Amino acid sequence: MNLKFTVGDLIIHRVIEQETTFLPALEMLPALTPEVLAENRAWMQRAGALDHNDVLILCFQSYVVKTPSHTILIDSCIGNDKPRPQRPKWNMKTDDTYMRGLAAAGFSVEDIDYVMCTHLHVDHVGWNTRLDNSRWVPTFPKARYVFDKTEFDYWTETHAKAPVPPFGDSVLPVVEAKQAEIVRSDYAIGDHTRILPTPGHTPGHVAFTFGHGKDDAVFSGDLIHSPLQMRYPELSMKFDVDQTQAAKTRRGFLERYCDTDTLCCTAHFPSPSVGKIRRAGSGFSCEAI
C-alpha cells in the first residue's frame, strides 16, 4: 500500500485510521438506482470500494503535507475517547492506530505546524483534541488550526440550538486554547497552500490546493466520498446539506482538474485514495498513479 507521494516540491503522507464498510450504496447515495448500481458493481468491487453486500467501503484518513516551509495536517479523522453512539466503530475508541500511523510517517504531534479542516464533521475533526485529565486539549500543541469562517459560523449557530458533540469536544477546545484561525477563502499559508471553496456537503466546505504557482495537489475532503460519484457527479450523498449545490460543485471541481497533472487526494476513497482525474464518458475517474 502506497502511503507516501511526491509531487513538485511537496511530500504527502497518508495516515489511515480505518478502512472499512460504512453504509449500503443505495442508502448513502439516495439518487442511485439498483440498475445503475448493477452496471457498476464489478469495477467498484475490483476497486475495493464496494463489498459483496453492496455496502460502500470508505477510508478514514488524514494527509500530512510537507512543504518547503511547513508541515500541515489535513483533516484529523475520528479520534479516541469520544462518545459517538450512532457509529459503533467510532464510539469511545481507544486504539493507537492513528498515532502509530503518524509515527510511521515520521512525525510526532509536535511536528505539525498547521491543522486544516475541510469541514467540521465528526470524522474530520476527531484528533483535533485528546483527553487529558478529563479535559479536551489540542492534540497538536504547536499547531495553528485553520477553520473556514462560513463553516465555523454555521456550526456555532447549530450548536447553540442543540449540542453538536464533535463541535463541542473537537473544535471549541481548540478555540479556547487560542490555537484557532477562523479564515476566509483568501487565506494562504506562504506561497504553497490555498483554499478553494467547495460548498454543498456543508455550507462552508472547502478543498485545499498545494503547490508553488500551480496546483500540484488538491485535497477534496467530502466533496466526493466514493469513486461512483466521480463516474456520476450528480449522485449526492445523504449527509449533504444541499445535495443540488454539492452536485454542481462536484462537477465544477472535476472539470477544473480533469486531464491535468494535479494529484487529487480524496478523503474517503479506498486505498490508494490518490490519483489524477480523467474523463470517463459523461463522468470522470480517478486514475491511480
Side-chain angles (χ1 to χ4, degrees), residues 1-19 47-49 58-77 97-118 124 127 139-140 142-146 187-196 198 206-225 227 230 253-280 284-289:
M1 184 188 299
N2 194 2
L3 296 175
K4 180 179 177 181
F5 302 86
T6 303
V7 57
D9 53 6
L10 308 171
I11 302 173
I12 301 168
H13 300 265
R14 298 171 61 212
V15 179
I16 299 172
E17 189 164 15
Q18 293 181 0
E19 189 159 358
L58 303 188
C59 189
F60 298 89
Q61 62 192 321
S62 297
Y63 289 92
V64 180
V65 185
K66 189 82 174 165
T67 77
S69 304
H70 300 103
T71 302
I72 299 170
L73 186 142
I74 298 169
D75 286 341
S76 67
C77 270
T97 304
Y98 187 82
M99 285 301 169
R100 282 192 294 108
L102 192 66
F107 301 103
S108 71
V109 293
E110 288 84 7
D111 293 328
I112 304 301
D113 299 312
Y114 291 90
V115 175
M116 302 181 75
C117 295
T118 58
H124 293 257
W127 280 105
T139 300
F140 305 96
K142 299 178 181 178
R144 303 301 298 169
Y145 287 70
V146 177
Y187 179 84
I189 299 173
D191 55 5
H192 273 79
T193 309
R194 299 164 295 280
I195 290 176
L196 176 66
T198 48
V206 295
F208 299 119
T209 68
F210 281 73
H212 182 65
K214 60 186 173 66
D215 294 353
D216 285 323
V218 62
F219 297 81
S220 58
D222 277 7
L223 177 65
I224 314 167
H225 283 80
M230 214 168 247
F253 175 93
L254 294 169
E255 289 285 0
R256 177 187 180 118
Y257 291 111
C258 182
D259 297 329
T260 70
D261 286 330
T262 301
L263 204 61
C264 182
C265 303
T266 70
H268 294 303
F269 282 24
S271 294
S273 306
V274 172
K276 294 183 179 179
I277 298 171
R278 298 293 180 254
R279 204 166 297 280
F284 307 85
S285 65
C286 187
E287 301 299 322
I289 56 167

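Sequence positions, counted from 1, serve as the residue numbers for this chain. The shown structure was predicted, so the numbers you read here are calculated from the model rather than taken from an experiment.
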How long is the gap from NE2 on H268 to CD on Q61, to the nearest 0.5 Å? 8.5 Å

Return all side-chain donor-acceptor pairs below 3.5 angstrom for residues 1-8, not counting sequence neighbours, or 'none' if the list is empty.
| residue | atom | partner | partner atom | Å |
| --- | --- | --- | --- | --- |
| N2 | OD1 | K4 | N | 3.2 |

Residues two or more places apart in sequence or in another chain: which of them pass side chain to side chain donor-acceptor pair (under 3.5 Å) with S62? Y98

Quick check for you: to the nearest 0.5 Å, what is the distance between E255 atom CD and I277 atom CD1? 10.0 Å

Would you indicate whether the side-chain heavy atoms of L102 and L73 approach each other to under 4.5 Å? yes

E110 side, atom CD; T139 side, atom OG1 - distance, nearest 0.5 Å: 11.0 Å

To the nearest 0.5 angstrom, please state how far the CZ atom of F269 sits from the NE2 atom of H225. 10.0 Å

So, the side chain of R194 versus the backbone of I189: is there a donor-acceptor pair under 3.5 Å, distance only? no

Taking side chain to side chain donor-acceptor pair (under 3.5 Å) as the test, write out the residues that go with D9, two or more places apart. H192

Any side-chain heavy atom of P227 within less than 4.5 Å of one from P270? yes

Quick one: list whatever passes side chain to side chain contact (heavy atoms under 4.5 Å, CB included) with A267, sequence neighbours left out. H124, D222

Restricting to side chain to side chain contact (heavy atoms under 4.5 Å, CB included), what partner residues turn up for V218, sequence neighbours left out? A207, T209, F253, Y257, T262, C264

Just jot down the ring-ring contact (aromatic ring centres under 6.0 Å, His included) partners of Y63, sequence neighbours excluded, or say none. F219

Side chains of S271 and I16: does their closest heavy-atom pair fall under 4.5 Å? yes

Excluding sequence neighbours, so at least two apart, what forms side chain to side chain donor-acceptor pair (under 3.5 Å) with T118? D75

Quick one: pull up CD1 in I195 and CZ in F208 and give me the separation to the nearest 0.5 Å. 5.5 Å

Validation row: V109, M99 side chains within 4.5 angstrom (heavy atoms): yes

Give the minimum heavy-atom separation between A143 and V115, together with the two atoms involved. CB-CG2, 4.1 Å

From CG (L10) to CD1 (I72), nearest 0.5 Å: 9.0 Å

Among residues at least two apart in sequence or on other chains, which ones pass salt bridge (charged side-chain N to carboxylate O under 4.0 Å, His left out) with K214? D216

Partners passing side chain to side chain contact (heavy atoms under 4.5 Å, CB included) against K66 (at least two apart in sequence or in another chain): I11, T71, F107

R279 and E287 ion-paired at < 4.0 Å: no

All side chain to side chain contact (heavy atoms under 4.5 Å, CB included) counterparts of A103, not counting sequence neighbours: none

For D261, salt bridge (charged side-chain N to carboxylate O under 4.0 Å, His left out) partners two or more places apart: K276

Is the shortest heavy-atom distance from the side chain of I224 to the side chain of F284 under 4.5 Å? no

So, using side chain to side chain donor-acceptor pair (under 3.5 Å) as the criterion, who are the partners of R100 when residues are at least two apart? D96

Here the pair of heavy atoms bringing I12 nearest to A217 is CD1-CB, 3.8 Å

